[in-house]
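Contents: one structure, followed by commentary.
If you're wondering where the values come from, they're calculated on a predicted model, not measured in any experiment. Numbers restart at 1 for each chain; the letters A, B, ... are given by sequence-line order, proteins then strands.
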Amino acid sequence: MVECFRALLDNCNSWSHLKQIHALLTTSGLSKTDPFSWKFLSFAATSASSDINYAHRFFLQLSNPQLFHYNALIRGFANSNNPAKCFLIFAEMLLNAVVPDYLTYPFLAKAAARLSDRKAGGCLHARVLRSGLASDLFICNSFIHMYGSVGEVASARKLFDEMPMRNFVSWNSMLDGYAKSGDVSLMRQVFDQMPERDVVSWSALIDGYVKDGDHKEAMAVFEAMKAEGPKANDVTMVSVLCACSHLGALEQGSAMHQYIAEERLPLTLALRTSLVDMYVKCGAVNEALVLFHEVSARKTDVLLWNAMIGGLATHGLTSEALGIYAEMQDLGIRPDEITYLCLMSACAHGGLVDEAWGYFKSITRDGMVPKSEHYACMVDVLARAGRLEEACQLVCEMPMEPTPSTLGALLNGCINHREFDLAEIVGKRLVELDPAHDGRYVGLSNVYAVVRRWDKARSTREAMESRGVRKSPGYSCVEVYGVLHRFTAHDKAHPEIEEIYMMLVVIGEEIKFKSDDSERQDFVSSLN
DNA sequence: TGTACCTGGT
């Protein structure tokens with residue numbers, strides 16, 4: 001009998017199969033026998049087809065759970081969408097006088113990292129130091145990662161420097177710590193110093209540049225990786241596609257799509273989401289829709305829907321965005337706080353104030369708390385529509401200090417709707433709030449320029465310069481035949497600049513002609 | 001039985 005169960009469990013590779021074995025174990029009274037209960041718990045909590053809640057229910061039935069049961073459950077929760085449960089299980093473990101070992105701490109550190117819980121992470125590390133496990137390589141690596149993830153890269157570095165022995169995971173965790181902290185020069189230094197670089201090192205470097213906003217450098221590193229590094233994986237491509245979408249580089253993005261197919265990389269949900277995001281942001285709405293619709297709804301998650309809705313919203317395709325949301329609701333997929341931001345941004349572009357209010361109120365109804373971004377978005381909707389009084393009222397009512405983006409939205413509305421007295425007040429407040437940001441001074445100075453108060457406009461610019469803030473010139477990018485061209489205002493550097501300006505004149509005339517035409521059509525239809 | 005890289009926009 002015992003041998004029979006052992007063979008069944010060893011060959012078990014599916015969830016339904018495992019449930020059948022569980023039923024057999026229960027009816028035969030063997031389920032609480034250690035080797036089987038551990039094997040079962042470990043499969044239920046950590047395998048590819050795991051169900052952590054099922055594993056937890058099974059765990060609760062154990063009369064005398066052992067260290068390895070706790071470890072399996074903590075590991076499962078660390079990778080679940082509820083990592084905070086790890087700490088509850090850990091507390092229970094300590095209450096039951098079960099002593100954690102070298103397999104317990106890496107996953108607790110991971111949970112603290114995923115929750116960005118600096119306090120919990122620090123307590124756990126203190127416990128490790130007292131436990132005599134402090135020299136374990138895996139534990140050290142996990143805590144370097146934890147410190148990097150909670151924004152304490154200096155502590156990560158201290159741990160890294162004091163380690164008796166390092167491996168490539170130590171270096172990758174340190175690299176990732178600098179990537180997350182936004183310190184690209186130290187990130188690069190670690191990358192250049194590390195004894196060996198694998199696909200994780202390269203991917204972390206690329207993603208570090210993406211997070212820093214240096215998308216061109218991210219692409220350059222990817223090219224270097226193709227030339228001299230390991231083969232890229234699906235995670236690498238998620239970051240690379242993110243760079244393409246920010247650059248608006250459709251041809252490069254499509255080439256990446258082709259690369260994914262040629263290299264037969266798994267089209268994971270994250271990768272599909274990145275492709276949808278890239279296509280829609282680069283204006284290839286149809287390609288995005290094809291990729292979005294070709295996967296069955298069961299295999300989607302809210303992030304994929306957000307990418308589609310947000311992308312359509314960015315292009316002002318308001319009704320299409322709201323249509324996709326309606327589909328999402330029909331399928332019973334729960335929106336998250338990002339979904340609401342995407343929906344409200346769609347409303348802002350389409351001038352749908354009442355709908356935006358509806359979504360804003362739904363956030364609370366869905367059991368979420370509106371964040372400053374939601375207030376900023378709602379203020380933007382109201383301000384764009386010229387409902388400045390309501391916008392001001394919302395700013396006053398918001399439960400947190402208004403962020404620069406909230407006031408920025410209000411300022412734009414004031415300028416567009418010629419409320420210059422209010423614009424001056426908001427503009428001044430923005431400069432106070434964000435004194436290192438060049439755009440805030442420019443915004444206020446532009447308000448003064450519009451009302452011809454040149455002295456004030458000049459003194460605002462001077463205030464900016466005296467505080468050492470430099471105005472960085474705005475620019476835009478255009479991709480032609482796979483090559484990105486960057487232009488700033490009055491740019492004369494491009495070799496084909498004469499033809500480019502000539503084409504601009506032609507396009508300008510074309511727009512004028514089109515708008516005259518639409519006015520004429522409006523006039524004709526008003527007669528009917 | 002363990003550690004590292006990824007999917008909204010500002």
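For A:Y102, there are no ring pair (Phe, Tyr, Trp, His ring centres under 6.0 Å) partners at least two apart in sequence or on another chain. Judged as a ring pair (Phe, Tyr, Trp, His ring centres under 6.0 Å), and not counting sequence neighbours, the contacts of A:Y325 are A:Y359. Considering only residues two or more places apart in sequence or on other chains, A:Y340 meets the ring pair (Phe, Tyr, Trp, His ring centres under 6.0 Å) condition with none of them. Scanning for side chain to side chain donor-acceptor pair (under 3.5 Å) contacts around A:Y441 gives A:R467, with sequence neighbours left out. Every residue two or more places apart in sequence or in another chain was checked for a side chain to side chain donor-acceptor pair (under 3.5 Å) with A:K231, and none qualifies.
Using a 4.0 Å heavy-atom cutoff across all strands shown, A:E337 reaches no nucleic acid atom at all. Looking at heavy-atom distances under 4.0 Å, A:Y105 makes no contact with the nucleic acid at all. Across all strands shown, A:F107 has heavy atoms under 4.0 Å from sugar-phosphate atoms exclusively, and none from any base.
For B:dT1, the OP1/OP2 oxygens have no side-chain nitrogen or oxygen of A:R75 closer than 4.0 Å. Distances shown here put every side-chain N or O of A:K110 at or beyond 4.0 Å from the OP1 or OP2 atom of B:dC5. Of the side-chain N and O atoms in A:H145, none sit less than 4.0 angstrom from OP1 or OP2 of B:dT3. An OP1 or OP2 oxygen of B:dT1 is reached within less than 4.0 angstrom by no side-chain nitrogen or oxygen of A:H69.
Side-chain atoms of A:T273 come within donor-acceptor range of the base of B:dT7, with a qualifying N/O pair under 3.5 Å. Counting atom types as modelled, A:D277 pairs no side-chain N or O with a base atom of B:dG8 as donor and acceptor under 3.5 Å.
Around atom NZ of A:K226, more than 12 heavy atoms belonging to other residues, nucleotides or ligands sit under 6.0 Å away.
Listed in residue order, the members of residues 175-194 of chain A having a heavy atom less than 4.0 Å from DNA chain B are A:D176, A:K180.
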